[in-house]
Amino acid sequence: MDTELRLKKRRLIIAGNWKMNKTVAEGLELVQSLKRDLANVKEVDVVVCPPYTALSEVSKEILDSNIRLGAQNMSEHGSGAYTGEIAAGMLKEFSVRYVILGHSERRQYQQESDALVARKALAAHAASLKPIVCVGESLQERESGATNKVVETQVRGSLAGMTKDQAAETIVAYEPVWAIGTGKTASSEQAQEVHAFIRSILTSMFDEQISRRMRIQYGGSVKAGNAKELMSQPDVDGALVGGASLEARSFADIIKNSL
Ligand code: PEP
């Protein structure tokens, strides 16, 4: 990325969403390699989001590194009779700093609504966790010309009730559903267009100063080969990476190619 553009932009944040993959041993092996490969990378916020079961061990392993920890979901509640759920305070015990909320897979398989995502995001902020709030249209919505309408509804609904200070600490991930795990990536122009649109919504919800500070990640089949082009777009401030984050080499290459 050219120096002038980088100076104008926000600090990149590149997060790996491991989804329901990796045992504790496999997760440790992955972060040990990442620590070696990324030891000299200081310009990007690097985050790994293992399944809950690996948070404790991965947290210890990355203690002395520039890699930060994220979770893939959390409850809107602080504690209580919610079998199978995990509260923000529990994530904090493992030095988790980020939490992915409203991923399209949770919206699809767990019927998570914008209102629920908003309540979770407020609970995350209350515990000083930074939410990574995912939004994005389906293929059918894109083809019918509804992308902006869908994305605007999700952004407004999922960030509802946030103060300006909380918004500034929130990351929005634009993940077109048709590009997740399919090998189809949005072109850098398509990504930039929606990212700029999202930033305009954030300006109208909060103000320009806040929206200029907020980071908007792109997600959907990001790989080493397309990272540079995507990250060089003026409103693309990082990536949320699924498949390519499961292997140290490909995740590290995405990060290095984004610099
Ligand atoms: C994701 O699930 O957040 C994602 C972007 O996945 P992939 O990179 O595999 O498309």
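Start at 1 and go down the list; that is how both ligands and their atoms are numbered. Numbers here are sequence positions counted from 1. Note that the coordinates shown come from a computational prediction; the quantities given were computed from them, not determined experimentally.
- Taking the six-membered ring where tryptophan is involved, the planes of His195 and Tyr218 are tilted, since the angle between them lies from 30° to 60°.
- Every atom of ligand 1 is numbered from 1 in the order shown, and the set under 4.0 Å from a heavy atom of Ala179 is 10 (O).
- Counting atoms of ligand 1 from 1 in the listed order, those under 4.0 Å from a heavy atom of Gly181 are 7 (P), 9 (O), 10 (O).
- When only modelled atom types and interatomic distance are considered, Gln154 and Asp114 share no side-chain donor-acceptor pair under 3.5 Å.
- In summary, the side chains of Glu141 and Ser138 do present a donor paired with an acceptor at a separation below 3.5 Å, with no hydrogens or angles considered.
- Between the side chains of Trp178 and Glu143, no donor-acceptor pair of N or O atoms lies under 3.5 Å.
- The closest approach between any non-hydrogen atom of Gly220 and ligand 1 is below 4.0 Å.
- With a heavy-atom cut-off of 4.0 Å, Ala244 does not touch ligand 1 at all.
- Nearest to atom 1 (C) of ligand 1 among the protein's heavy atoms is His103 NE2, 3.2 Å.
- Each of Arg10, Lys130, Arg97, Arg215 was compared with Asp45 under the salt bridge (Lys or Arg N to Asp or Glu O under 4.0 Å) criterion, and only Arg215 meets it.
- At least one N or O atom of Gly243, backbone or side chain, sits closer than 3.5 Å to an N or O atom of ligand 1.
- For the atom pair CG of Leu12 and CG of Leu259, the computed distance is 7.5 Å after rounding to the nearest 0.5 Å.
- For the pairing with Gln217, the side-chain contact (heavy atoms from CB on, under 4.5 Å) check across Val241, Ile132, Val133 returns one residue only, Ile132.
- Here is the list of ligand 1 atoms found below 4.0 Å of a heavy atom in Lys19: 1 (C), 2 (O), 6 (O).
- The nearest non-hydrogen atom to atom 8 (O) of ligand 1, considering only Cys134, Ala15, Gly242, comes from Gly242.
- Across Glu105, Lys184, Glu175, heavy-atom proximity to atom 3 (O) of ligand 1 is greatest for Glu175.
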